[in-house]
Amino acid sequence: MIGSVLIGSAALAVLTVTDPQPSPATGLPDPGVVTRWGLPVAQGMRDLSAALTIGLVFVVAVLLPQDSRARSRLSGARAQGLGAAGLCAGLWAFASAVVVVFSCSDVAGVPVVSPALWSELPAFVKDTDVGQANMICTVLVGVVAVGCLAARRFEGAEVAILLLSLAALWPLSSTGHVSTDDNHQQAVLLLFVHLVAVTIWIGGLAALAFLQGEVGRYRDAVLRRYSVTAACCLTAVAVSGVVGAWLRLGTWSELGSPYGVVILIKVGVLLALGAIGYLHRRRLVDKSPTWTEHARRRFAALAGGELLIMCLAMALGVALGRTPPPPSLDRNASSATPDASDRHCAALDYEVHPSA
């Protein structure tokens, strides 16, 4: 919860600095301060819990040794990991439902505490991409939460749970700016790859920090597997992010726009994470052959610093999703989001009923 609040607050701060129109334009309904703060916090909670869920299941299904002797010795780690993943999936489903409510409030311009919002909500879920995507995600993640609890009794079921949790990211990859891109299919695929890589990278590290006491003698093997995984995720995040940003910017000059500034900050954070990950491997994986108490404290310190920067990267992702791309390069003006009125109407093709 603390992490999601930090993500939401950082995202709101970035929006305040970079968004040229942070408040509703004159004549448009105002969703209120609760929605302006609540939506990025709810999105941060959703993204953080998604990363934790997928990271925990990924460690259990992929990183832990799978031979019969290792499975017997690591039964406690598997049970603990799947139990925690079930709780995180429940939080993910709850946060997704909250995002639906706040998104409806934001688009319709109706305060979240207003009774009128609930009459708008069914149409919002039925008629908008954001509503549909988050509701589909909520249902899928609910199944993941139940599956995590059941998987502890069925050997090998964690692989199916991992695939289902990754599939829950697909609806989210088709919303936001990518829904109005000319290269829609490419943009959706790039964003999906980006989300998968980010959640496995961040969630996997958090899961290792959580399960480090249960890994025991398999610590070296697990950390080396994660090191390779993190390198692959870093590459996927960098490539998908750069190509996706170029599809929306088109020219180097647009890096000076609010959207471009957030992208540049994300690039800096990505480089910092790559450097920290490299140092993490050199100082811990290569130089600490035994899992001593000193090595465990060093791992916790390095992982904590890396996770803090990762939370900042997630906050920037939330802010980037709510920052309009440069309008001068929009190739589909009828569905662009250069200003507040478009954000409320055209981008989601949703009829807004002004509040009384």
Side-chain angles (χ1 to χ4, degrees), residues 1-3 48-92 144-145 147-166 196-233 273 276-277 280-281 283-285 288-308 310-311 314:
M1 181 63 184
I2 295 176
L48 184 61
S49 55
L52 293 175
T53 301
I54 293 173
L56 285 163
V57 179
F58 182 81
V59 168
V60 171
V62 178
L63 298 188
L64 294 185
Q66 302 297 318
D67 60 275
S68 57
R69 178 178 297 181
R71 289 188 68 91
S72 175
R73 291 175 175 174
L74 293 172
S75 59
R78 295 180 185 279
Q80 188 173 347
L82 289 173
L87 294 176
C88 292
L91 181 59
W92 182 5
V144 170
C148 286
L149 300 179
R152 292 185 294 180
R153 298 185 178 182
F154 299 96
E155 185 172 337
E158 56 266 19
V159 176
I161 299 301
L162 175 62
L163 295 177
L164 184 59
S165 62
L166 292 175
V196 169
V198 165
T199 52
I200 291 178
W201 186 13
I202 297 177
L205 181 60
L208 287 178
F210 177 71
L211 296 174
Q212 61 171 316
E214 301 292 332
V215 174
R217 68 177 67 183
Y218 299 100
R219 165 258 182 186
D220 287 341
V222 172
L223 286 182
R224 291 182 186 279
R225 290 178 180 181
Y226 174 76
S227 180
V228 174
T229 300
C232 294
C233 289
L273 284 173
I276 291 176
H280 198 164
R281 176 179 175 84
R283 295 184 178 181
L284 183 64
V285 179
S288 299
T290 58
W291 196 225
T292 63
E293 185 63 28
H294 175 69
R296 187 175 300 179
R297 288 197 302 268
R298 180 182 295 180
F299 173 80
L302 291 172
E306 194 169 352
L307 287 170
L308 183 62
M310 285 177 172
C311 283
M314 294 180 69

Task: Distance, nearest 0.5 Å, that separates CG of L208 from CG of L56 - done: 9.5 Å
Task: Shortest non-hydrogen contact between V60 and G81, atoms and distance - done: CG2-CA, 4.1 Å
Task: 4.5 Å side-chain heavy-atom contact, P65 and V222 - done: yes
Open item on the list: Whether the side chain of Y226 engages the backbone of A221 through a donor-acceptor N/O pair (distance < 3.5 Å, no angle test) should be reported.
Closed with: no
Task: Test item: L162 and S165 side chains (from C-beta on) under 4.5 Å apart, heavy atoms - done: yes
Open item on the list: Nearest 0.5 angstrom please: L91 CG to L52 CG, how far?
Closed with: 8.5 Å
Task: OG1 on T53 to CD1 on I161, rounded to 0.5 Å - done: 11.5 Å
Task: Separation of L48 CG from T199 OG1 (nearest 0.5 Å) - done: 11.5 Å
Task: Heavy-atom pair with the smallest gap, counting every atom of A85 and V57 - done: CB-CG2, 3.7 Å
TODO: For A145 and G90, work out which heavy atoms get closest and say how close.
DONE: CB-N, 3.9 Å
Open item on the list: Whether the side chain of S227 engages the backbone of L223 through a donor-acceptor N/O pair (distance < 3.5 Å, no angle test) should be reported.
Closed with: no
TODO: Hey, could you give me the CG/CG distance between L149 and L82, rounded to the nearest 0.5 Å?
DONE: 9.0 Å
Open item on the list: Quick check: do W92 and V144 have side-chain heavy atoms less than 4.5 Å from each other?
Closed with: no
Open item on the list: Would you compute the distance between atom CD1 of I200 and atom CG of L63 and round it to the nearest 0.5 angstrom?
Closed with: 9.0 Å
